[in-house]
Amino acid sequence: YTKTCDWILVYVADYSKMAGGSDSDRAVTAGIDAGLIAQNVYLYGASEGLAVVVHMSINRDVIARALKLGASQHIVLAQSVGLPREKLLETLKRHWGYERFRPLQLETIEDVCAGRDTLVLMPTGGGKSVVYQVPALASEGVCVVVTPLIALMKDQIDRLRSRRILAESIHSGMSPRDIDRILDNCVYGSVKFLYIAPERIDSELFRTRFGKMRVSLLAVDEAHCISQWGYDFRPSYLRIARLRELQPDVPVLALTASATPEVAEDIMRRLKFREPHVRRMSFERANLSYVVRRTEDKHGQLLRIVGSVP
């Protein structure tokens, strides 16, 4: 299995006495009996009457159901190899020139590669875009990014294209012909990033093409806009969950600079996270300090401070 994952659940079932169907059919049947085919389940192999089913998104309920099976079934927790960190670091260095990730970036990227829905809280300038761009570049398929402003789309696309990465956007100022061409390139071509506004999800054309794309990741920028408890609520963000119905196995990465616990919970609920999962970066800025000085000559004091800065 090619994706990075800290732990996987391996289910081995004896289906030799099951009637009819191919090895694959019986293997999937065994997985359903185990209660494991709820999401992200893959047939790893079937031979000599044994079905091996790998379940990526483990939670306590799944394990509890699996352990209630009869003696002919076995549950094993095994560490997965998947995408090595070296490949992620190589992707970072090749496209950005950096030798290492910033705090929390690598852990979040590995969550994404493991197919785990993740909410990331990072301050502005913390490197949120790298968190979805690196795993998208290290994986097959297109990363669909939902962002609220055309200016943000243009800035990100210009940066990606400057690194010779194929990125496109769809917005209201485009002709239907251009939109159709870009969507076709996302389905049949080699586009790595597609940026859209949340209102685009209302389009039947977009939803149809989205269902045909090989989507590696659904990234939601400015995710606080989805919460009615947030300071910048946008009703159009509520439509994002419709995309999950079209491609339920695609992981979601929600990104925002700040969110109260109430807003964070609302984001995960409205984006239909399989299980709550939040990564938080400290908002402390070690390179910033606050100093209060009393002075009768504010302009003079300001000039002296500015003049002392190298």
Please round to the nearest 0.5 Å and tell me the distance separating atom [atom1] of [X] and atom [atom2] of [Y].
{"X": "Thr118", "Y": "Glu275", "atom1": "OG1", "atom2": "CD", "value": "9.0 Å"}
{"X": "Arg200", "Y": "Ile170", "atom1": "CZ", "atom2": "CD1", "value": "6.0 Å"}
{"X": "Met213", "Y": "Leu246", "atom1": "CE", "atom2": "CG", "value": "10.5 Å"}
{"X": "Leu92", "Y": "Arg85", "atom1": "CG", "atom2": "CZ", "value": "13.5 Å"}
{"X": "Ile267", "Y": "Tyr237", "atom1": "CD1", "atom2": "OH", "value": "10.0 Å"}
{"X": "Arg294", "Y": "Gln301", "atom1": "CZ", "atom2": "CD", "value": "13.5 Å"}

Could you tell me whether the side chain of [Y] reaches within less than 4.5 Å of the side chain of [X], counting heavy atoms only?
{"X": "Thr108", "Y": "Leu253", "result": "yes"}
{"X": "Leu302", "Y": "Thr295", "result": "no"}
{"X": "Leu89", "Y": "Phe101", "result": "yes"}
{"X": "Val187", "Y": "Val142", "result": "no"}

- Message: Checking Arg207 against Glu204 for the salt bridge (Lys or Arg N to Asp or Glu O under 4.0 Å) test, could you report, in this order, the C-alpha distance in whole Å, the side-chain angles of both residues, the deciding distance, and whether it holds?
- Response: CA-CA 5 Å; Arg207 291 199 303 272; Glu204 181 67 28; 2.7 Å; yes
Locate the shortest heavy-atom distance separating [X] from [Y]; write the atom from each residue and the value.
{"X": "Ser139", "Y": "Lys192", "result": "O-NZ, 2.7 Å"}
{"X": "Pro198", "Y": "Pro148", "result": "CD-CA, 4.3 Å"}
{"X": "Arg270", "Y": "Ile226", "result": "CD-O, 3.3 Å"}
{"X": "Cys143", "Y": "Ser216", "result": "N-OG, 3.8 Å"}
{"X": "Val144", "Y": "Phe210", "result": "CG2-CE1, 3.9 Å"}
{"X": "Pro135", "Y": "Cys113", "result": "CB-SG, 3.8 Å"}

- Item | Worked check of side chain to side chain contact (heavy atoms under 4.5 Å, CB included) between Asp180 and Arg209 | CA-CA 9 Å; Asp180 190 60; Arg209 300 292 179 83; 2.6 Å; yes
Compile the donor-acceptor pairs under 3.5 Å between side chains in residues 125-134 and protein atoms, sequence neighbours left out, one pair per line.
residue: Tyr132; atom: OH; partner: Tyr195; partner atom: OH; Å: 3.0
residue: Gln133; atom: NE2; partner: Gln156; partner atom: OE1; Å: 3.0
residue: Gln133; atom: NE2; partner: Tyr195; partner atom: OH; Å: 3.4

- Message: Could you check whether any side-chain N or O of Asp117 sits under 3.5 Å from a backbone N or O of Val252, counting only pairs where one atom can act as donor and the other as acceptor?
- Response: yes
- Message: Can a donor-acceptor pair be found, under 3.5 Å and without considering hydrogens, that links the side chain of Arg163 to the backbone of His95?
- Response: yes
- Item | Gln247, CD: over 12 other non-hydrogen atoms inside 6.0 angstrom | yes
- Task: Please check if atom CZ in Arg304 has more than 12 non-hydrogen atoms from other residues, nucleotides or ligands closer than 6.0 Å.
- Result: yes
- Query: Can you list the steps and then say if Lys212 with Leu183 is a side chain to side chain contact (heavy atoms under 4.5 Å, CB included)?
  - Reply: CA-CA 10 Å; Lys212 296 178 180 179; Leu183 290 175; over 6 Å; no
According to a 4.5 Å side-chain heavy-atom criterion applied to Ile, Leu, Val, Met, Phe, Trp and Tyr, with indirect links allowed, do [X] and [Y] form part of one hydrophobic cluster?
{"X": "Trp96", "Y": "Leu217", "result": "yes"}
{"X": "Ile201", "Y": "Leu152", "result": "no"}
{"X": "Ile150", "Y": "Val220", "result": "no"}
{"X": "Leu149", "Y": "Ile196", "result": "no"}

- Task: Given side chain to side chain contact (heavy atoms under 4.5 Å, CB included), test Phe193 with Leu137 step by step and report yes or no.
- Result: CA-CA 9 Å; Phe193 295 93; Leu137 289 170; 3.9 Å; yes
Salt bridge flag under 4.0 Å for residues [X] and [Y]:
{"X": "Arg234", "Y": "Glu199", "value": "yes"}
{"X": "Arg269", "Y": "Asp266", "value": "yes"}
{"X": "Glu110", "Y": "Arg116", "value": "no"}

- Item | ILVMFWY cluster membership beyond Ile305 - transitive side-chain contacts under 4.5 angstrom |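 None, because no other hydrophobic side chain comes under 4.5 Å of this residue.
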- Query: Run the side chain to side chain contact (heavy atoms under 4.5 Å, CB included) check on Arg244 and Arg274 step by step: do they pass?
  - Reply: CA-CA 11 Å; Arg244 304 216 69 176; Arg274 301 180 185 97; 3.5 Å; yes
- Query: What residues form a side chain to side chain donor-acceptor pair (under 3.5 Å) with Glu90, not counting sequence neighbours?
  - Reply: Arg94
